[in-house]
Number of protein chains: 2
Amino acid sequence: MAKIQSGKNATKKEVVIEKAALLFKVKGYSAASMRELADTLGIEAPSLYNYIGSKSELLQSICIKMANEFTANLNIVDNTAESTVAKIEAVIRFHIQMMINNFNEVFVANHEWKHLKEPLLSDFLNQRRNYEKRLMLIVEIGVEKKELKNINSYVTVLTILSAVRGLEFWYGHKKNVTQQVLENDMVNHLLNGIIN
Amino acid sequence: MAKIQSGKNATKKEVVIEKAALLFKVKGYSAASMRELADTLGIEAPSLYNYIGSKSELLQSICIKMANEFTANLNIVDNTAESTVAKIEAVIRFHIQMMINNFNEVFVANHEWKHLKEPLLSDFLNQRRNYEKRLMLIVEIGVEKKELKNINSYVTVLTILSAVRGLEFWYGHKKNVTQQVLENDMVNHLLNGIIN
DNA sequence: TTACAAAACTAACGATTATTAGTTTTTTTA
DNA sequence: TAAAAAAACTAATAATCGTTAGTTTTGTAA
């Protein structure tokens, strides 16, 4: 009956993934049904399988894509930013940008990765762990160079990553606080707490 | 066949809730089945209903209990701690304590509340919103008194609550960082970033 | 020991799930 | 316009879900 609308340059498969991200965010992966996903696209559930292989594949696409984007950015930051503080600031700002521009997918990757199947689950967790370790290394170098206080690198990275992750709560309160204020205040709060 | 073990002073219902919290944490509420929960107790699924009314009730118990504990603590802190900084520090330390002593239940309340049914869903969200507002008020008073920098109270509370919430990730890495180091470093990081 | 209550069981219900098979309609290509 | 391919459909499958009903076993109190 209805035909899937693929706006702009988006593949129809990409449209399905996009809608899946929204649905997974609202209902959670397990509670979200393929029938409901099909509904949001104006088609019947079995028609989805013309575009995708399985429900699980949708989650995979979302999680892998997000993991890769964060890793790719860290590569750039690590090679371009000069001081430790500049690197950390760049990472924080990128997380904020991602949360704003890819909210649903970042949210799903953060919340629903546990439903990934092996071996992708291990891949995802390894990549995240690696990301954390690289950030810890940046902090440790900053401590050595006396750019930062004598802080524990794990706790520092944990605090920063957790704080920026919490931006998902801000998303519902956009009216009260502008992105500008949010970004600057959070960067200042997190950096002032560790700069020497 | 098997009989539910109710250790110490715990009601059998409380044992069921405790096991449910663990299961919900690992699999998520929707993906966790009553048969699996019964398995962890060594009984058959229908036997659960001798103790509880429904699966949904289990989630309710967990979420409401946690919300009340945090609210109760804030009441105490608000009445006893003197300075703004002391209040914020007390709140941060309480969150850390809760994460350590009630990890599964805190985790479930943080992650699975969306599966609550109305009107409990609204109650839960209102209570959380109220908690945030009270913290914002504490920050605003601190700014007025020049105890704190001239910061946005919403962003500050968001940053702090998100950071302590991220302790759930630390839980898997206990070996590398002691609770002492974690607690002090995080408190310092978060307070130094805003103290005037 | 007998009676009662608590707590377990088996069997089964209706609902929902992701997915497959096979078919028809629509769109694109030649 | 005819043929081929893409994209929708209907119908149905096996599996799993929370939960109920009814029954049997176990534990406790008289």
Side-chain angles (χ1 to χ4, degrees), chain A residues 1-7 9-24 26-63 108 112 114-118 120-121, chain B residues 1-7 9-24 26-63 108 112 114-118 120-121:
Chain A
M1 200 166 290
K3 184 82 176 292
I4 287 187
Q5 286 282 6
S6 68
N9 305 332
T11 307
K12 289 165 188 173
K13 179 171 183 171
E14 288 169 348
V15 177
V16 174
I17 294 174
E18 188 185 312
K19 293 284 189 182
L22 173 59
L23 185 62
F24 292 170
V26 174
K27 313 262 288 188
Y29 174 76
S30 290
S33 81
M34 297 300 274
R35 284 174 175 81
E36 206 170 353
L37 173 58
D39 263 353
T40 71
L41 291 157
I43 61 176
E44 296 295 319
S47 301
L48 288 169
Y49 292 82
N50 287 325
Y51 306 108
I52 61 162
S54 65
K55 183 186 181 185
S56 179
E57 183 196 288
L58 287 169
L59 183 62
Q60 288 172 22
S61 302
I62 294 167
C63 292
V108 169
E112 307 294 334
K114 71 168 68 166
H115 298 108
L116 286 171
K117 293 174 183 171
E118 293 290 3
L120 281 105
L121 174 57
Chain B
M1 198 168 291
K3 183 85 176 292
I4 288 188
Q5 285 283 6
S6 68
N9 306 332
T11 307
K12 289 165 186 175
K13 180 171 182 173
E14 286 169 349
V15 176
V16 175
I17 294 174
E18 188 185 313
K19 293 284 189 183
L22 173 60
L23 185 63
F24 291 170
V26 174
K27 313 262 288 189
Y29 174 76
S30 290
S33 79
M34 296 301 272
R35 285 172 175 81
E36 206 171 353
L37 173 58
D39 262 353
T40 71
L41 292 158
I43 60 176
E44 296 296 319
S47 302
L48 289 169
Y49 292 83
N50 288 324
Y51 306 107
I52 60 161
S54 66
K55 183 186 182 185
S56 178
E57 183 197 288
L58 287 169
L59 182 62
Q60 288 172 22
S61 302
I62 295 167
C63 291
V108 169
E112 308 295 333
K114 73 168 67 163
H115 299 107
L116 286 170
K117 292 175 184 170
E118 292 290 4
L120 279 104
L121 175 58

Problem - Short side-chain N/O contact from B:S47 to OP1 or OP2 of C:dA7, under 4.0 Å - result: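 The answer is no; no side-chain N or O of B:S47 sits under 4.0 Å from OP1 or OP2.
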Of all the choices, [options], which nucleotide is nearest to the side chain of [X] once you look at every atom?
X     : options               : value
A:P46 : D:dT20, C:dA21, C:dA7 : C:dA21
A:M34 : C:dT19, D:dG18, D:dA7 : C:dT19
B:R35 : C:dA7, C:dA12, C:dT19 : C:dA12

Check the distance between [N]'s [atom2] and [X]'s [atom1] and give it to me in whole angstrom.
X      : N      : atom1 : atom2 : answer
B:L48  : D:dT19 : CG    : P     : 10 Å
B:D39  : D:dC17 : CG    : P     : 11 Å
B:N50  : D:dT19 : CG    : C1'   : 13 Å
A:E44  : D:dA12 : CD    : C1'   : 14 Å
A:I43  : C:dT26 : CD1   : P     : 16 Å
B:Y51  : C:dA6  : OH    : P     : 11 Å
B:Y49  : D:dT23 : OH    : C1'   : 19 Å
A:H115 : C:dA18 : NE2   : C1'   : 15 Å

Distance check, rounded to the nearest 0.5 Å: [X] atom [atom1] versus [Y] atom [atom2]?
X      : Y      : atom1 : atom2 : value
B:E18  : B:L58  : CD    : CG    : 12.5 Å
A:K114 : A:E112 : NZ    : CD    : 8.0 Å
A:L22  : A:I17  : CG    : CD1   : 14.0 Å

Practice task
Count the heavy atoms of every other residue, nucleotide or ligand shown that sit under 6.0 Å from NZ of A:K55, and state whether that count exceeds 12.
Solution key: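 Result for NZ/A:K55: enclosed.
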Handout entry: From CA spacing to verdict: side chain to side chain contact (heavy atoms under 4.5 Å, CB included), B:K13, B:E57
Key = CA-CA 11 Å; B:K13 180 171 182 173; B:E57 183 197 288; 3.4 Å; yes
Problem - B:Y29 side chain vs B:V108 backbone, donor-acceptor pair below 3.5 Å - result: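 Pair absent, no side-chain N/O of B:Y29 close to backbone of B:V108.
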Exercise for the section: Pull out every residue in residues 52-63 of chain B that has a heavy atom closer than 4.0 Å to any atom of DNA chain D, ordered by number, or say none. Expected result: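 Within this stretch, B:S54, B:K55 sit under 4.0 Å of the strand.
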Practice task
Would you mind classifying the nucleic acid contact of A:A32 as base, sugar-phosphate or nothing, using non-hydrogen atoms under 4.0 angstrom?
Solution key: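 Here A:A32 touches the backbone only, sparing every base.
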Problem - Pairs touching residues 35-47 of chain B that satisfy salt bridge (charged side-chain N to carboxylate O under 4.0 Å, His left out), sequence neighbours left out - result: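 Listed once each, the pairs are B:K27-B:E36.
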